[in-house]
Amino acid sequence: MSFRVRVIALVMLIAVTATGATAWLTLRQASREFDRTVTANAEQLSLITTELTDFARTRGGWDGVDDLVGRLSLHTGQRIRLAATEGTVLADSDVLAGQPAREVAGPPLVVDPRPVWQPQPAAVAHPSPKIVLLAEYEYRLGLAFAACLTRSGIGIRLEESELGVALPRPVTSSAASKACDIEARNQPGIDDVDRVFEAELRRCAAQATGAVTCLQDTFSAAVGRSAPAELRVYVGAAEQPPPSLPVDSILATAAVVAVAGAAVSWLLSRRVLRPIGALTAASGRVGDGQLAERVPVHGHDELAGLARSFNRMADSLQQSEQRQRQMISDVAHELRTPLANLRGYLEALKDGVLPPTPELFESLHDEAVLQQRIVDDLQDLALAEAGVLTYQRTVLDLAELAATCRTAHAALAAAGGVELRVTGGGPHRVHGDPDRLRQVVGNLIRNALAATPPGGTITLSTAADGPSHVLEVADTGTGIAEADLPHLFDRFWRADRARGRGRGYTTGSGLGLAIARQIVADHHGRIIAASELGSGTVFTIHLPAAPA
């Protein structure tokens, strides 16, 4: 499976999972909101019918109900229309708000202010028509009492009576409420009004079963003559949509998110794969030998860092290839001339052109030794750069190493008229191979002897430098130009090529300083050179101090 397909599949999986989870949570929340909305509507309908019923029971009629309808509409946020059974509108919240009356929505609710007779337990066991007649009479008195209290502006509350019917009572007792009570007592009595129901009530009481229900129905019919009229209440408007779950919008949102995720993953894969494709093509060309191949770098992100690393790798490979070719050329150049000389002299000796003198044989021997040294140095350098040059490491003192090297080269220095001396105390212990480090210092001393005229001085000094120890080889020779210092440790490089092997800071094979730098690097140290023309040169070796 390709990387692009994997990226798209991963992003799509994340997008679909996140969208599905979001949609599920949204749908669940919307379902809860829907349930709450439906419950709230049921609670609002119950509130509206209860308030209207209590209004009629406490005021004895529907006068002034429009104020209540307006308050209920503002409280519930619903459009409310109250109408009689024949269709006459008593109150409409749209009209009260100064708006055109909208069409009603749904079937109406019945508001029946007639009370339900709730007999006491003793009356249930022995139902009596007299109790029902008294309850109906008390209800008629209560209606008149409530109407009088309303006209007088006295607050009213409902209170269950001993006869099983809710009756209006004044919130506070006053002379006006007592006057209303006297006025209500002037209503017609039981014998004058309810005699027509007495026979029905007696029939209900005589029933073996269902006597209470029959009495309740007869009570409702009796109080219906004086109770406020039954009304129809319409809640809501036709243009108001019923609450519904946003399933379509959730599915549409999920689809949009999925499409957006696919598009983003496609663009992301293109953004990632385009530079990777360029790197793949460039690496293939580099593998075919086109070491000059590079990739363009844009931005500063991880892909740009990868492109820079590839370009650095290609630069390193190209430089290594160039160094290898240059080394082959230098080796061929270094060996060609002396071998041609050896061949010429040997052919001359063979043909009898030159006499076989001891001086000639000594010169040929020296040239052969030099060629052998070049080959040995090349082998040492190759082993060192490959990391396979063997080291016999031990703890040694740099001061003792400097003294040993002075002793080894004292005769050569004296022959050239150069003073070789050692300064600095000790001990300065490091962990390294004594033979290899003597090889390094010996190379530096031989180079200094070749560049120092008679009467000059070469000084070996040791010192401590923080966590490192330092060994310096300083001479009073000809010095090196500043422009030549960066090339000092290159293979086969000489400060003055015109002088050949006889003079200069890289003598003999031209590999001594390159080998010295590699040996010091293998000891986790560093070697640096500082020089000025006519003032001499200082080579400084820094090596880590050995643990105590």
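- Taking the side chain as every heavy atom from C-beta outward, L149 and P168 never approach each other to under 4.5 Å.
- N311 places a side-chain N or O within donor-acceptor distance of the main-chain N or O of V295, the cut-off being under 3.5 Å.
- Residues R79 and D92 have side chains in contact (heavy-atom distance under 4.5 Å, counting atoms from C-beta outward).
- Applying the 6.0 Å contact sphere to CD of E482 captures no more than 12 heavy atoms from other residues, nucleotides or ligands.
- For the residue pair A84 and L90, the shortest heavy atom distance occurs at N-CD1, 3.8 Å.
- Within the 4.5 Å cutoff, the side chain of V286 has heavy atoms near those of the L291 side chain.
- Of the possible donor and acceptor atoms, none in the side chain of T50 sits under 3.5 Å from a partner among the backbone N and O of L47.
- Considering only residues two or more places apart in sequence or on other chains, E230 meets the side chain to side chain donor-acceptor pair (under 3.5 Å) condition with R232.
- Taking all atoms of both residues into account, the shortest heavy-atom contact from R436 to I519 is CB-CG2, 3.9 Å.
- Here the side chain of W62 pairs a donor or acceptor atom with the backbone of A229 at under 3.5 angstrom.
- You'll find the side chain of H523 reaches within 4.5 Å of the side chain of D433, heavy atoms only.
- Looking at residues two or more places apart in sequence or on another chain, you find no side-chain contact (heavy atoms from CB on, under 4.5 Å) involving S316.
- Of the possible polar contacts, none joining the S46 side chain to the A42 backbone as a donor-acceptor pair under 3.5 Å is found.
- Taking each heavy atom of R114 and S220 in turn, the nearest pair found is NH1-O, 3.3 Å.
- Here the CD1-OG1 distance, from I528 to T540, works out to 5.0 Å after rounding to the nearest 0.5 Å.
- T88 contributes atom OG1, which lies 11.0 Å from atom CG of L82 (distance to the nearest 0.5 angstrom).
- Rounding to the nearest 0.5 angstrom, the gap separating the CG atom in L167 from the CG atom in L158 is 8.5 Å.
- Taking the side chain as every heavy atom from C-beta outward, V111 and F55 never approach each other to under 4.5 Å.
- Residues passing the side chain to side chain donor-acceptor pair (under 3.5 Å) test with R393: none are found, sequence neighbours excluded.
- Using a distance-only test at 3.5 Å, with no hydrogens or angles considered, no donor-acceptor pair links the side chain of H431 to the main chain of P547.
- Contact detail for P486 and A483: the closest heavy-atom pair is CD-O, 3.5 Å.
- A search for side chain to side chain donor-acceptor pair (under 3.5 Å) contacts involving E159 returns R157, not counting sequence neighbours.
- Of the possible polar contacts, none joining the S73 side chain to the V69 backbone as a donor-acceptor pair under 3.5 Å is found.
- Taking the side chain as every heavy atom from C-beta outward, F145 and P170 approach each other to under 4.5 Å.
- Take E160 and apply the salt bridge (Lys or Arg N to Asp or Glu O under 4.0 Å) test, not counting sequence neighbours, and it matches no residue.
- Other residues, nucleotides and ligands contribute over 12 non-hydrogen atoms within 6.0 Å of the CG atom of D315.
- Counting only residues at least two apart or in different chains, salt bridge (Lys or Arg N to Asp or Glu O under 4.0 Å) contacts with residues 49-58 are absent.
- Taking CZ of F310 as the reference point, atom CD of E293 lies at 7.0 Å (rounded to 0.5 Å).
- Here the closest non-hydrogen pair linking P544 and V430 is O-CG1, 3.5 Å.
- Here the straight-line distance linking atom NE2 of H428 with atom CG of L543 works out to 12.5 Å at 0.5 Å rounding.
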Intermediate values then yes/no, side chain to side chain contact (heavy atoms under 4.5 Å, CB included), L52 and V233: CA-CA 9 Å; L52 290 173; V233 58; 4.1 Å; yes
Show, in sequence, the C-alpha distance, side-chain angles and deciding distance for L68 and R71, and conclude whether the side chain to side chain contact (heavy atoms under 4.5 Å, CB included) test is met. CA-CA 5 Å; L68 176 62; R71 291 197 304 272; 3.6 Å; yes
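- The shortest non-hydrogen separation linking D465 to V470 is CB-CG2, 3.6 Å.
- Interatomic distance, OG of S93 versus CZ of R102, reported as 7.0 Å (0.5 Å rounding).
- Looking only at distances, a side-chain donor or acceptor of T76 sits under 3.5 Å from a matching main-chain atom of L72.
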CA sep, side-chain torsions, deciding dist, call: D94, R81, salt bridge (Lys or Arg N to Asp or Glu O under 4.0 Å): CA-CA 8 Å; D94 283 351; R81 174 186 288 183; over 6 Å; no
